[in-house]
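Here is the structure we will look at.
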Amino acid sequence: MIFEDQIGIKLCISGAIGALLLILTGVISEKDALKSIDLKTIFLFGGTLSLAAALQSTGADPRAVLMACVIGGSCAYATSIGMPANTMVVGAGEDL
């Protein structure tokens with residue numbers, strides 16, 4: 001992340017290359033790599049990105065969106081899906 005501007009490669013590209021190198025060098029098996037992907041978190045990110053794009057393109061009332069974000073943010077402590085980080089931790093904890 002720090003050197004993204006200097007090397008000219010986006011973070012997502014360098015992360016994908018790193019993951020492929022781990023598989024190709026045998027550090028992690030392909031089966032273990034696929035098992036480590038948490039689809040709940042990916043769908044949560046995808047859903048929030050599409051919601052943000054919809055709000056931006058429609059120009060929805062900023063105060064109502066702000067109130068929804070404030071209430072949703074306070075729910076982050078009460079639920080496991082309030083924040084993507086919480087969802088990742090819950091997903092990792094279920095495997096134990």
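For this chain, numbers begin at 1 and follow the sequence in order. Basis for what follows: all heavy atoms, side chains included, without hydrogens, waters or symmetry-related copies.
In this structure, the separation between CG on Leu21 and CD1 on Ile28 is 13.0 Å, given to the nearest 0.5 Å. Taking CD of Gln56 as the reference point, atom CG of Leu51 lies at 11.5 Å (rounded to 0.5 Å). The CG atom of Leu39 lies 12.5 Å from the CG atom of Leu44; values are rounded to the nearest 0.5 Å. How far CG of Leu24 is from CD of Glu30: 9.5 Å, rounded to the nearest 0.5 Å.
Taking all atoms of both residues into account, the shortest heavy-atom contact from Glu4 to Lys10 is OE2-CA, 3.4 Å. Nearest heavy atom pair, residue Ile23 against residue Ala33, reads CD1-CB, 3.9 Å.
Side-chain heavy atoms closer than 4.5 Å link hydrophobic residues (I, L, V, M, F, W, Y) into clusters, and following such links, possibly through other members, connects Leu34 to Phe43.
More than 12 heavy atoms of other residues, nucleotides or ligands sit less than 6.0 Å from atom CD of Gln6.
Here the side chains of Ile13 and Ile17 are in contact, with some heavy-atom distance below 4.5 Å.
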